[in-house]
Each structure stands twice: as C-alpha cells, then as structure tokens.
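All remarks here apply to the structure that follows.
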Amino acid sequence: MQATLTDKLAKDTLLDPSVWERRYFDGAWKLAPVTIPVREPATGIELGVAGGGTAELAVELTERAAQAQPKWAETPPDDRARILRQAARVIEDNSQEIMSWIIRETGGVSAKAGYEVAMAAGELYHSAALLTQPIGQILPSADPERMSLARRVPVGVVSVITPWNVPLVLSMRSVAPALALGNAVVLKPDPQTPICGGFLLARIFEEAGLPPGLLAVLPGGAEVGEALVTAPVVRLVTFTGSSAVGRRVGELAGRNLKKVSLELGGNSPMLVLDDCDLDAASSAGAWGSFLHQGQVCMATSRHIVLRSVADAYLQKLAARAAALPVGDPFRNEVAIGPLINEKQLKRVHGIVTDSVAAGADLVTGGTHDGLFYKPTVLGNVAAKTRAFQEEIFGPVAPVTIAEDDDHAIELANQTGYGLAAAVQTGSVERGLRVARKLKAGMVHINDQTIADHPGIPMGGMGQSGNGARFGSTTNLDEFTEWQWVTVSGKPARYPF
Ligand code: NAD
C-alpha cells in the first residue's frame, strides 16, 4: 500500500517524499539528527519518514531566523504581500494532493480536508491584505514643531507550536500573518503530523519564492517545543494545544519575558431551548460533536437541553449518530474516520465508561473497532460526570437536561473552559439574551459551535486561552509591537 502513495506522486509534485524524507527545513532541506515515522491512523501504513529536531538544533534555527529577519522587515509591503498571495495560489493549484495528505495523515474525511485547504489559502490572502492596513497613529504633541507618532514594528522571531488535529490551518494561521508583518518564523508541528502541519508549509513558501531563512520547520516533541519557547532571540510564542501544555508554555514564556499567545482546549456547550427547530438542532448537534471524530477544539462537547424537549432531541440526535458511516476516509465515503492514536482511544473510551458507571445512559455507540470509535450519544449526563467536565476530543455527544434558560446558562458556564458556545432557539431575542451570559470567546445563535474564518477574532476565554486572538486585524496586535517615535526639525534644548 505504501507503494500506492509513492506511485501516485509524480516526481515534481509538491510533497514528493524524496524532497523531505529524513530532513528538516531551514530554507534548504537538510538531513535531520532524528527521524519520525509518519503513519496513516486508518491503516497503520507508514507514509514516509520525516526528519525531526533536538533542542540544540531548535535554538540554532531561531538564531538563523534572527539573522534573516531584519532584511525581510525592510522588504516593501507590496513585495511581501505578493509572496503570500503566491503561496495561496500554490495551495489552490495543488489542492487535490494536499487534501490526500490531510486525509491520510490526520484521518479526517474529505470535507474536513477541503475546509483546511480553503481556510489555509484564506489565511494567506487575509494576511496579505493586512499590509493594506494603517500601521500607526499620529499622536497629539505638546510642541507643534515636534511630531509624535506610534508605529507597529515586527516582533522579530516567532516560534509557532501546533497540534495534530487541524494541522495545516493551525500552523498557517500563525505563520502567514507573522511573515506578512515582517517576522521570521520557526515552526514546530506535532510529531504525528509533521507533513501537513510543517513540511507542507515549507514547500508552499518555497514554491512561492519566500527568501531562505525566514521560515524553518522542525518537527519534534516537548523538548523541541520548550527550546523554542525559551530560545533567547524568540520574542513571541504562539501555541495551540491542550490547556495542560499551554500552562507549561505560558510559565516558561513568562519566566523568559516572552510575549505568548495561547489557544487551548474547549468543552463547548450547545443550549437547546424549547422553542427551537429540533430537527435542525439535532443535525447541528451531530455535526458539532462528530465532525473529525470530535477532535476539534470547538467541538460541541455538551448538549444542554431543556427538559420538555430533551427526549425528542435525544432520539433525533441518536438516530443521526447511528446512521453515520465509520471507516477509512481515504478509501471509502465515510463520515467518521479513525481517532488519531491508541492513547486517545483509551481516553475517549475511559470517559464514556466512567460516565455510564456514574449514571449516564448509553443511548448509542460506546464501542470501537481498532481506532474507529462509533459515534456515541450519552443521555442523562450529570454535571459531575467526566463526560460533562472534561474535554473528550472524541465522537461523543453528552446530553444534559436543564430546567429553564437560567439553569442552562449556569450549566454551560460550569467548566473552566470558554472557547465556543451555541444556542438553538426560535427567538433571536431569547438567543441574544442567553448568549450575553455565556462565558465563551465565540457564540453562535441557531448553529453549532464549530466555526472559523480568517477574518474573525478566533480565541477563547477562561482556560481556553490567555486572551490572545487569531485572525482579522487582531493579527496586527499579536504579531507586532508598538514603537513611539518623535521627530523634531530642530535639536531639543535643555537647562543642563
Ligand atoms: P498538546 O498540548 O499535547 O500538543 C500541542 C503541541 O505542543 C504539539 O506540537 C506538542 O508536540 C507540543 N508540546 C507538547 N509538550 C510541550 C512542551 N512541554 N513545551 C512545548 N511544546 C509542547 O495538544 P494535542 O493533544 O496535540 O492537541 C489537542 C488539544 O489542542 C486539545 O486540547 C484541543 O482543544 C487543543 N486545540 C486548541 C485549538 C484552539 O484554537 N483553541 C485548536 C486546536 C486544538
């Protein structure tokens, strides 16, 4: 089967393994000190062997990036924007090949791969467009002869650390604006997705004509990640991943006085009120809980349903879950692919088993065939159970009954997370009233919880982040620093 992939890729394709195998990227492809097998979770087939890094190499790459960055910062914005737009075109021209890699390396279905491709290109176009925005302010000055202004300057070297679940988008949403705004980047993808989260970006920017030295890609685990946080020349760390690791990254960054952007876990609720369209709500709920096997930070992780419609909602949701085809997303038309690994499988199953033991009803699912976990619906889930309290990151929809709107809001706000939320209701006024009281960075009325776009301020509250935002003009705040400048035609005179 491994031969199939290699055969399929003609010599001059974007991700020809002969370019990246056993290598890392720092403007050129170099033999790596360690190797990382890349496996397809659906089959266990080895797709290739990526190069990986050490802590020492990570620090070295940040230093090389620091040397290349000043010239890039001086490159005219139109020239930088042109490279970003060209990178978007490279994605569009190679979308089928990229989608195949996303499907195979992450186990996601083709709709999810298509979303990643479109969204990554969108991140590049939006980042190019950032360079049309004002980059400073003229400030009031006490002296009319002295001009006072504030301007944005690049931070310098940015470390980007990303997870495996939506690897292309989560890497691109940092790399594209960081580069656009004149920074150099060292990217560390998760070792389970070194291609789609790392080498793919290297190839895209290589093809787009990014000057060497501005983007380095070094796959690796915690050791490489920590080195990229503490490396002396790094000014900004953007981290996407779990809240537990985010806390560690935040501590290290704080101790070393780095700016840090943390986009972390979620446990996002969808409130189903008694005046909603139950058919539409259950469809949204199924999409929100089961898309990419629930391995999405914004997944609909808790369905909080008013008592009078709870039975009907549960039945509709369970029927939708039971009808979803599960299997290998590269070779079959399925809705649900494999979980990423055994550890995740054990965790998901452990949460389901513990929650049922604690009194939840197993309405459908709860079994698995290897890494393929059946879409699972749990009814009667009490707020104290693991399925309610923890981020599951699997295809599990826990349904909890609420007595009224206030009780639903109280339940929704009960976990420490605050990434996304949704409200299903027939009344926009009621939806807005409820939404105002939800602790979440993103709220959707009459939709589920998973939504993103390069033009919105993506991010969470509480344990879902540290207030940083990706996307839209918030990228200007994340990827630049302010510099106050005063200019006077005459030298200033002092009594000393
Ligand atoms: P993780 O925290 O285990 O790993 C994320 C990245 O951090 C990986 O590249 C990993 O190698 C690296 N890492 C691990 N230990 C490190 C350390 N000590 N120092 C520096 N880097 C280290 O997360 P995961 O399990 O790969 O991803 C799933 C999690 O990511 C979920 O909690 C999910 O909600 C979250 N997530 C959040 C968002 C968001 O935008 N808020 C998006 C996607 C995923």
Side-chain angles (χ1 to χ4, degrees), residues 36 50 52-53 55 58 106 108 112 116 119 123 159-174 186-194 196-198 217-231 234 237-253 255-256 258 260-268 291-301 339-341 343-344 347-348 390-394 415-420 440-442 449-453 456-471 474 478:
I36 301 174
T106 73
K112 181 257 186 188
E116 281 214 61
M119 182 83 178
E123 293 286 357
S159 288
V160 177
I161 301 172
T162 54
W164 47 265
N165 61 334
V166 194
L168 172 59
V169 171
L170 299 177
S171 293
M172 192 61 89
R173 74 178 182 182
S174 274
V186 181
L187 166 65
K188 189 203 81 62
D190 188 279
Q192 291 167 109
T193 49
C196 297
V217 177
L218 188 65
E223 192 203 358
V224 174
E226 295 199 2
L228 289 178
V229 178
T230 55
V234 169
V237 180
T238 74
F239 172 85
T240 304
S242 61
S243 298
V245 176
R247 195 166 277 123
R248 168 81 181 146
V249 168
E251 276 169 19
L252 285 175
R255 201 180 303 153
N256 289 278
K258 316 277 190 200
V260 62
S261 139
L262 304 172
E263 294 295 348
L264 309 177
N267 190 350
S268 302
L291 179 69
H292 197 32
Q293 299 77 264
Q295 302 169 125
V296 178
C297 56
M298 299 169 281
T300 305
S301 312
L339 292 177
I340 190 74
N341 59 32
K343 190 171 159 220
Q344 194 52 23
R347 187 180 144 71
V348 170
E390 295 182 28
E391 180 181 39
I392 304 175
F393 232 54
T415 74
Y417 294 107
L419 195 52
M442 300 170 281
T449 52
I450 303 173
D452 198 3
H453 186 271
I456 60 102
M458 197 278 177
M461 298 176 178
Q463 285 172 33
S464 294
N466 67 341
R469 288 289 182 271
F470 282 115
T474 62
E478 298 297 332

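On a predicted model such as this, the values are computed, not experimentally measured, just so you know. Counting starts at 1 for both ligands and their atoms, in listed order. What you see below is based on every heavy atom in this structure, not just the backbone, and it leaves out hydrogens, waters and symmetry mates.
Residues R347 and F393 have side chains not in contact (no heavy-atom distance under 4.5 Å, counting atoms from C-beta outward). N267 is not listed as a side-chain neighbour of E390, based on a closest heavy-atom distance of 4.5 Å or more.
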Donor-acceptor pairs under 3.5 angstrom involving side-chain atoms of residues 159-169: please list them, not counting sequence neighbours.
| from | atom 1 | to | atom 2 | distance (Å) |
| --- | --- | --- | --- | --- |
| S159 | OG | L228 | O | 2.7 |
| T162 | OG1 | S171 | OG | 3.0 |
| N165 | ND2 | Q295 | O | 3.0 |

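In summary, the side chains of T238 and S174 do present a donor paired with an acceptor at a separation below 3.5 Å, with no hydrogens or angles considered.
No side-chain donor-acceptor contact under 3.5 Å links N256 to the backbone of K258.
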Evaluate salt bridge (charged side-chain N to carboxylate O under 4.0 Å, His left out) for K112 paired with E116, printing each intermediate quantity in order. CA-CA 6 Å; K112 181 257 186 188; E116 281 214 61; 2.8 Å; yes

Could you give the N/O to N/O pairs under 3.5 Å linking ligand 1 and the protein, each with its distance?
| from | atom 1 | to | atom 2 | distance (Å) |
| --- | --- | --- | --- | --- |
| ligand 1 | 2 (O) | S242 | N | 2.8 |
| ligand 1 | 2 (O) | S242 | OG | 2.6 |
| ligand 1 | 9 (O) | T162 | O | 2.7 |
| ligand 1 | 9 (O) | K188 | NZ | 2.8 |
| ligand 1 | 11 (O) | K188 | NZ | 2.9 |
| ligand 1 | 18 (N) | E226 | OE2 | 2.8 |
| ligand 1 | 23 (O) | S242 | N | 3.4 |
| ligand 1 | 26 (O) | W164 | NE1 | 3.0 |
| ligand 1 | 30 (O) | G241 | O | 3.3 |
| ligand 1 | 32 (O) | E391 | OE1 | 2.7 |
| ligand 1 | 34 (O) | E391 | OE2 | 2.5 |
| ligand 1 | 40 (O) | R173 | NH1 | 3.4 |
| ligand 1 | 40 (O) | R173 | NH2 | 2.8 |
| ligand 1 | 41 (N) | L264 | N | 3.3 |
| ligand 1 | 41 (N) | L264 | O | 2.7 |

